[in-house]
Amino acid sequence: LYKDPAMLRHTQEWVQTVLSRLVQEEAVQRDIQHLLSVAVSGMAADPSFQRTAAAFAQHVIQHQNVQDEALQLLLSAVHQILDDQAVLGHANTFVQSVLQDGGVRKETANALWGVVATFMSLGYVTPGP
């Protein structure tokens with residue numbers, strides 16, 4: 001009976017229904033979140049897992065399609081952020097306050113001159129006429 005295709009389909013539908021109801025309950029969501037948090041924090045502390053995860057990430061990121069998808073994801077996220085008027089308003093306020101700080105302006109000027117001097121010493125930029 002358990003191998004009957006109709007019985008298997010009904011069983012799958014029942015399991016999907018039960019699981020979909022379970023995952024919508026707040027208590028279950030908290031328990032799943034806690035379980036994942038404990039599992040991930042335990043794995044992240046393991047040096048062997050860290051090495052394996054780093055090797056995996058290096059292997060995956062070498063694929064051009066992964067790089068292309070990551071770029072598209074970042075571009076999409078940036079565009080969504082920049083389209084948000086509240087974000088733009090806060091960014092404008094932040095930049096204005098930073099630019100009014102004399103210490104920040106002085107440090108920025110010094111850093112820019114350092115970059116220009118480095119480019120000139122390396123021959124990338126030559127002084128004008």
Side-chain angles (χ1 to χ4, degrees):
L1 185 62
Y2 69 91
K3 290 184 179 182
D4 179 61
M7 180 57 103
L8 285 173
R9 189 179 66 252
H10 291 301
T11 303
Q12 288 174 337
E13 289 172 3
W14 177 78
V15 168
Q16 287 175 335
T17 300
V18 170
L19 286 177
S20 67
R21 287 182 183 167
L22 276 175
V23 297
Q24 291 177 11
E25 291 185 21
E26 287 183 36
V28 173
Q29 290 175 0
R30 281 192 308 272
D31 290 343
I32 290 172
Q33 198 171 30
H34 178 70
L35 175 65
L36 290 174
S37 173
V38 169
V40 169
S41 65
M43 287 187 302
D46 180 12
S48 174
F49 175 79
Q50 292 171 2
R51 286 190 301 275
T52 303
F56 175 75
Q58 289 172 353
H59 174 74
V60 168
I61 200 68
Q62 291 176 3
H63 296 281
Q64 188 62 45
N65 62 331
V66 172
Q67 294 174 18
D68 294 343
E69 289 295 324
L71 177 62
Q72 289 305 314
L73 176 65
L74 289 172
L75 287 174
S76 174
V78 167
H79 286 216
Q80 287 179 359
I81 290 169
L82 293 178
D83 287 343
D84 186 330
Q85 293 303 312
V87 170
L88 288 176
H90 289 299
N92 188 21
T93 303
F94 172 74
V95 169
Q96 291 295 331
S97 67
V98 167
L99 291 177
Q100 291 175 5
D101 184 324
V104 171
R105 286 197 310 256
K106 182 179 178 182
E107 289 297 319
T108 302
N110 290 339
L112 286 174
W113 279 117
V115 168
V116 170
T118 302
F119 279 160
M120 290 174 62
S121 70
L122 296 173
Y124 291 115
V125 176
T126 55

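The structure presented is a predicted model; accordingly, all values stated were derived computationally and were not measured. When reading the values below, keep in mind they use all heavy atoms of this one structure, side chains included, and skip hydrogens, waters and symmetry mates.
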Distance-only criterion, 3.5 Å: show the donor-acceptor pairs between side-chain atoms of residues 10-22 and protein atoms not counting sequence neighbours.
| from | atom 1 | to | atom 2 | distance (Å) |
| --- | --- | --- | --- | --- |
| Thr11 | OG1 | Met7 | O | 2.8 |
| Thr17 | OG1 | Glu13 | O | 2.9 |
| Ser20 | OG | Gln16 | O | 3.2 |
| Ser20 | OG | Thr17 | O | 2.9 |

Enumerate donor-acceptor pairs with a distance under 3.5 Å from any side-chain N or O in residues 52-66 to protein atoms, sequence neighbours excluded.
| from | atom 1 | to | atom 2 | distance (Å) |
| --- | --- | --- | --- | --- |
| Thr52 | OG1 | Ser48 | O | 2.9 |
| Gln64 | NE2 | Asp68 | OD1 | 2.8 |

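- Between the CE atom in Met120 and the CG atom in Leu122 there is a gap of 11.0 Å [rounded to 0.5 Å].
- Judged by distance alone, with hydrogens and angles left aside, the side-chain atoms of Ser37 form no donor-acceptor pair with the main-chain N or O of Gln33 at under 3.5 Å.
- Membership of an apolar cluster is not assigned to Leu35, as no side-chain contact below 4.5 Å to another ILVMFWY residue is traced.
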Expected list for residues 72-80: side-chain donor-acceptor pairs under 3.5 angstrom, two or more places apart:
none

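- When all heavy atoms are compared, the tightest approach of Leu88 to Leu82 is CD1-O, 3.1 Å.
- The hydrophobic cluster of Leu112 has no other members, since no ILVMFWY side-chain heavy atom comes under 4.5 Å of it.
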Donor-acceptor pairs under 3.5 Å, side chain of residues 90-103 to any protein atom, not counting sequence neighbours: which ones?
| from | atom 1 | to | atom 2 | distance (Å) |
| --- | --- | --- | --- | --- |
| Thr93 | OG1 | Gly89 | O | 3.0 |
| Ser97 | OG | Thr93 | O | 3.4 |
| Ser97 | OG | Phe94 | O | 2.8 |
| Asp101 | OD1 | Gly103 | N | 2.8 |
| Asp101 | OD1 | Val104 | N | 3.2 |

